[in-house]
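I have placed the structure first, in the form of C-alpha cells, so that the comments after it can refer back to it.
Nothing fancy with the numbering, it's 1 onward along the sequence. Only heavy atoms go into these numbers, but all of them, side chains included; no hydrogens, no water, no symmetry mates.
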Amino acid sequence: MSNRGRWIAGGGALAGLAAAAVTLRAATGRWHRRTAELVHRIVAAPPRPDRAIPGEHSDTLPEPVQRYLSGVMTGGRRRIRAARLSSAGTFRQITSGSPAAPDSGWFAFTATQTFTVDPPAFVWAATMNMRPFVKVYVRDTYMDGHASMQGSALGLVPVVNAAGAPELTAGALMRYLAEAPWVPDALQPSARLRWSPIDATHARATLTDAGTTVSVVFEFSSSGDIVGVAAQRHRATDRGYEISPWEGRFWQHEVRGGIRIPTRGEIAWTLDAVSQPYWRGEILGADYDFMPPAVS
C-alpha cells in the first residue's frame, strides 16, 4: 500500500473510532438522563392521603421494634422524606443447579440509590464492570405501585428489560422493606406498615402499597440494631418465577447524616439448602432530606 493509501486507511479508522465514541457518549448520556428523570419523579411525588392515619402506639409495638425505633428516632429529629445512598461492592448472578463456588462469578459495582418514604419508592442505578472496557448499567425501580428492571451494556445493548409482572412488583416492594434500615422512618408503624411479634430478637413487618402486600422478618441485636432480614421471595428463573428463601445480613452500624444505619451487608438466596450470596456491599455515603417543620 502506498503512503497515501495508508493515510487514507488510517484516517478512515480514526473517523470510525470517533463516530463510535460519539455514539457511546450519546447512549450513556440518555441512560443517565432517564435515571435522573425517574429520581426526580419519585422525589417530587406528593404524599398519599393515608400518610396521616396512625398505626400502633409505640408502647404496643414488639419490644425489639420499640428498642430499635427509640435508638434511631432521636428526640426532635424531623421525619425523613427522601434518602440518597452511594455504595460499592460486588454482585453476581445466581442460577439454579449446582451451587456456585463462594468466590466465583463476582463483578465489581458502584451504585446510587434514592428512596422515598411517602409514597414508598426507590431508584437503584448501578454500574457493573462485567469485562475489561465493558460496563453494564443496571436500573431497578419501584414507584407508583409498579416495578421495573433494566440493564444495558455500555448504554447501547439491552441485556434485561422486565416490567409489569406481579411477582417482580412484589419482589421490589419486599426489597424496599428489607432495605428500610437505611431509611428507618420507612419502618415506622403506619396505615401501610404493621409489626407483629415473634420473639425477643425477631419481629415481622408487613407492608401494603397499591394493592401489593409483602412481609419480612427482621432480626435485632441486643443493642437494638437491625442485623438481619429474611423472607420468601419470588426469584426469576428460566421456568418463570419461583419462591425461594431470601435473607440479608447487616453489620458495622454507624451514624451517617445523623441517622444510625448499617454500612455493610450481604444478600443471599438459599437454593437446595445452600446459602448463595449474590450481593455484598458497603455504604459510602448517605444524605437525607427531612420533612419541613410543622407550622404551628
Side-chain angles (χ1 to χ4, degrees), residues 31 34-35 38 42 87 89-102 104-109 111-115 120-131 134-180 206-217 229-249 265-281:
W31 179 273
R34 178 56 177 162
T35 298
L38 294 171
I42 67 171
S87 60
T90 54
F91 177 89
R92 65 176 175 173
Q93 190 73 27
I94 295 296
T95 60
S96 300
S98 300
S104 70
W106 291 94
F107 299 100
F109 77 85
T112 58
Q113 186 162 2
T114 302
F115 295 87
F122 72 81
V123 175
W124 183 74
T127 301
M128 299 184 181
N129 299 309
M130 305 295 283
R131 291 182 177 85
V134 177
K135 293 183 178 181
V136 174
Y137 302 116
V138 180
R139 184 170 57 230
D140 291 350
T141 66
Y142 177 84
M143 62 179 67
D144 301 327
H146 300 284
S148 69
M149 179 184 299
Q150 296 174 312
S152 175
L154 300 173
L156 287 169
V157 182
V159 295
V160 62
N161 187 11
E167 297 88 349
L168 183 67
T169 293
L173 185 60
M174 186 174 290
R175 171 181 170 173
Y176 173 90
L177 179 56
E179 294 180 354
T206 300
L207 175 64
T208 298
D209 184 60
T212 298
T213 298
V214 298
S215 291
V216 170
V217 173
V229 293
Q232 297 289 318
R233 186 183 179 194
H234 288 99
R235 183 175 63 90
T237 72
D238 293 339
R239 299 177 297 277
Y241 286 95
E242 298 178 358
I243 294 179
S244 301
W246 179 72
E247 64 180 5
R249 309 299 302 173
E266 177 181 271
I267 307 296
W269 292 103
T270 299
L271 305 177
D272 299 323
V274 177
S275 178
Q276 295 281 279
Y278 68 90
W279 182 95
R280 294 168 176 163

Rounded to the nearest 0.5 Å, what's the gap from [atom1] on [X] to [atom2] on [Y]? Could you check?
X: T270; Y: I94; atom1: OG1; atom2: CD1; value: 11.0 Å
X: L271; Y: E242; atom1: CG; atom2: CD; value: 9.0 Å
X: F91; Y: Y278; atom1: CZ; atom2: OH; value: 7.0 Å
X: Y241; Y: L168; atom1: OH; atom2: CG; value: 4.0 Å
X: L177; Y: L173; atom1: CG; atom2: CG; value: 7.0 Å
X: M128; Y: K135; atom1: CE; atom2: NZ; value: 13.5 Å

If you look at every heavy atom in [X] and [Y], which pair is closest and at what distance?
X: P277; Y: R92; answer: O-NE, 2.8 Å
X: A231; Y: V216; answer: CB-CG2, 4.2 Å
X: T35; Y: A125; answer: CG2-CB, 3.7 Å
X: F109; Y: T90; answer: CE2-N, 3.3 Å
X: T206; Y: S215; answer: OG1-OG, 2.8 Å
X: F107; Y: N129; answer: CD2-O, 3.5 Å

Exercise. Can a cation-pi geometry be assigned to R235 and W246, taking NZ or CZ under 6.0 Å from the six-membered ring centre and within 45° of the ring axis?
Worked result: no

Could you work out, with side-chain hydrogen bond (donor to acceptor under 3.5 Å, both in side chains) as the rule, every residue matching [X], not counting sequence neighbours?
X: T212; result: none
X: D140; result: R175
X: S148; result: T141
X: W279; result: none

Exercise. Residues in salt bridge (Lys or Arg N to Asp or Glu O under 4.0 Å) with R233, at least two apart?
Worked result: none

Problem set entry | salt bridge (Lys or Arg N to Asp or Glu O under 4.0 Å) against E247, all qualifying residues, sequence neighbours excluded | none

For this session: Step by step, work out the side-chain contact (heavy atoms from CB on, under 4.5 Å) result for R34 and R139.
Result: CA-CA 10 Å; R34 178 56 177 162; R139 184 170 57 230; 3.6 Å; yes

Exercise. What's the verdict on side-chain hydrogen bond (donor to acceptor under 3.5 Å, both in side chains) for Y176 and D209, showing C-alpha distance, side-chain angles and the deciding distance?
Worked result: CA-CA 11 Å; Y176 173 90; D209 184 60; over 6 Å; no

For this session: Fit a plane to each ring of F115 and F122, take the angle between them on a 0 to 90° scale, and name the class: parallel (under 30°), tilted (30 to 60°) or perpendicular (over 60°).
Result: tilted

